[in-house]
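Nothing here was measured: the structure is a model prediction, and the numbers come from that model. All values below come from the heavy atoms of this structure, side chains included, with hydrogens, waters and symmetry mates left out.
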Amino acid sequence: MQSKEVKKWKDQEALKRYQMIAPLMDPDLDEGKRLQMREDIARNNGLSVRTLYRYEEKYRNAEFEGLRPRNRGKRRSQKLIENFDEIVGEAIQLKREVPKRSVRQIIKILELEGWAPSGVLKQSTMQRYLYNAGFGIKQMKKYAEGRTTSSRRFCRPHRMELLQGDIKYGPDIRTSNGKLIKTYLSSLIDDHSRYSLQSEFYDNQRQEIVEDTFHKAILKFGKFDCGYVDNGTQYISRQLNESCARLGIRLLRAKPRACEAKGKIFLEQEYQTESHDGIREYYESYGIKVVPGGITPKQEFDRDTRNLVFIDTGVVSEAFLHKEERKLDNAGCFSFENSKYEASTALANAQVIIAYDPMNTETVKVQYRDMEPITAHRIKIGSFSDKKPLVPVSMSNHVPETSRFLDTLEKKYNEDHQIVANAISFGDYGKAGER
């Protein structure tokens, strides 16, 4: 039986591995570019190219589940050598001199200079200490020279290849009691057709509204290849990344402060059934004339030859469930979002996992070991205890004309008596033989 800590660690490792190989899974990526990208990813993460190949193969065979580590716990950290603090200082200096140096290269240099015997310094340990000192891979990117980015416009050739997501401020709404509520519009738009797959106003801008937008878009139109979003806290949440990874959807993020890269989704407020200049420009760039009156996003989306790929609703819902640990009380109940939920007295005092849809918490799934999940309902406690339920009609004061029990016995007696009456007697058998 796996502990919750081990299971959580496996999920985290699977998500980490998926995020590393996600850029390599793009089917339209040039093979030469893929090879170079794979080498860069391996070097930046202190892995071998062969390891990345293995992760890719596991994902192709078993998707997200294939990336979870096998049934073994974390490795125990080994005792550090005496001069390890000095070694870390030298490693930091080597990183400062050449920021692009990998952990593997730094360890090799330290070994050649005699700071530690070969094989003593571990990549994972050194990488952790460099990160804590502010010299991790992601932290060093801000010191690297900025590359000039192209401002050329792009457009994916088919629907559902790339969806762009964003949140926009909506109108303020005044309630009946005079309170002013701010609204926020969360949307997902198809990059090729500019067709809005899901767009809805919310009274907050928490991460749950983005998950809800993705969830509803997938249920209505099926799976898409990539999501292109910014670096807002709603889009970098662990839950959204894990949900998309479980469904085989890659998330790409615009570079910080690169607002022009996300201009498609809210650059112009246009209706789904009005002609779109972006679609006309796309075809004209290929020398294709567009019919007078133009093409609407809905027309462009509907006429695309690429098939929509739908996923079972249960699988989609499961991927977007939030999960937390809870301890049930003596009555098999637990507290959640300032409310009490009732699971089962059979699980009294058990440590369980609750799974819920943050947009609908009327019911919560309760998971305990290998048992089938139990649906817990919010308890509604009234001012008084419930009255005794009315006696069903079948148990009312109605005097029966006969006894069902006696009727059954009589029927059984008659059936047995008939069997005996129909039996062949030995006397008859002998008389028949004399003839």
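Scanning all heavy atoms of the two residues, the minimum distance from Glu13 to Pro69 falls at CB-CG, 3.7 Å. Closest of all the heavy-atom pairs between Leu15 and Ala245 is CD1-CB, 4.1 Å. Across all non-hydrogen atoms, the minimal contact from Lys223 to Ile218 is N-CG2, 4.5 Å. Minimum heavy-atom separation, Gly293 to Ser275: O-CB, 3.1 Å. The shortest non-hydrogen separation linking Ser186 to Ile209 is OG-O, 3.8 Å. Shown here for Asp26 and Arg34, the closest heavy-atom pair between the two residues is O-NH1, 3.1 Å.
Using a 4.0 Å cut-off between charged side-chain N and carboxylate O, Arg194 and Asp190 make no salt bridge. A salt bridge does not link Arg253 with Asp230: every distance from a Lys NZ or Arg NE/NH1/NH2 to an Asp or Glu carboxylate oxygen is 4.0 Å or more. Salt-bridge formation is detected for the pair Lys323/Glu318: a Lys NZ or Arg NE/NH1/NH2 atom is positioned less than 4.0 Å from an Asp or Glu carboxylate oxygen. A salt bridge is absent between Asp172 and Lys179; no separation between the charged side-chain nitrogens and carboxylate oxygens falls under 4.0 Å. The pair Glu57-Arg60 meets the salt-bridge criterion, since a charged nitrogen lies less than 4.0 angstrom from a carboxylate oxygen. In summary, Arg43 and Glu39 do not engage in a salt bridge, as defined by a charged side-chain N under 4.0 Å from a carboxylate O. In this structure, Lys58 does not pair ionically with Glu65, as no charged nitrogen and carboxylate oxygen lie closer than 4.0 Å. Using a 4.0 Å cut-off between charged side-chain N and carboxylate O, Arg378 and Glu342 make no salt bridge.
Aromatic ring centres of Phe334 and Tyr341 lie closer together than 6.0 Å. Between Tyr282 and His192, the ring center distance clears the sub-6.0 Å criterion. For an aromatic pair to be called close, the ring centres must be under 6.0 Å apart, and Tyr129 with Phe84 satisfies this.
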Task: Evaluation steps, ring pair (Phe, Tyr, Trp, His ring centres under 6.0 Å), between Tyr18 and Tyr55 - done: CA-CA 8 Å; Tyr18 177 81; Tyr55 290 166; over 10 Å; no

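With rounding to the nearest 0.5 angstrom, the CG atom of Leu94 is 10.0 Å from the CH2 atom of Trp115.
Within 6.0 Å of CZ on Arg50 lie no more than 12 heavy atoms contributed by other residues, nucleotides or ligands.
Using the six-membered ring where Trp is involved, Tyr184 and Tyr169 have ring planes that are tilted, between 30° and 60° apart.
Within the 4.5 Å cutoff, the side chain of Arg369 has no heavy atoms near those of the Leu347 side chain. Proximity of Ile21 to Leu52: side-chain heavy atoms (C-beta onward) are separated by under 4.5 Å at one or more points.
Within the cation-pi definition used here (under 6.0 Å to the ring centroid, within 45° of the axis), Arg38 qualifies as a partner of Tyr53.
A side-chain N or O of Asn349 and one of Asn330 form a donor-acceptor pair less than 3.5 Å apart.
Pairs of residues two or more places apart, or lying in two chains, that qualify as side chain to side chain donor-acceptor pair (under 3.5 Å) and include a residue from residues 305-315 are Asp225-Arg306.
Taking the ring-ring contact (aromatic ring centres under 6.0 Å, His included) definition, one finds that Tyr368 meets it with nothing, sequence neighbours left out. Judged as a side chain to side chain donor-acceptor pair (under 3.5 Å), and not counting sequence neighbours, the contacts of Gln207 are Glu211.
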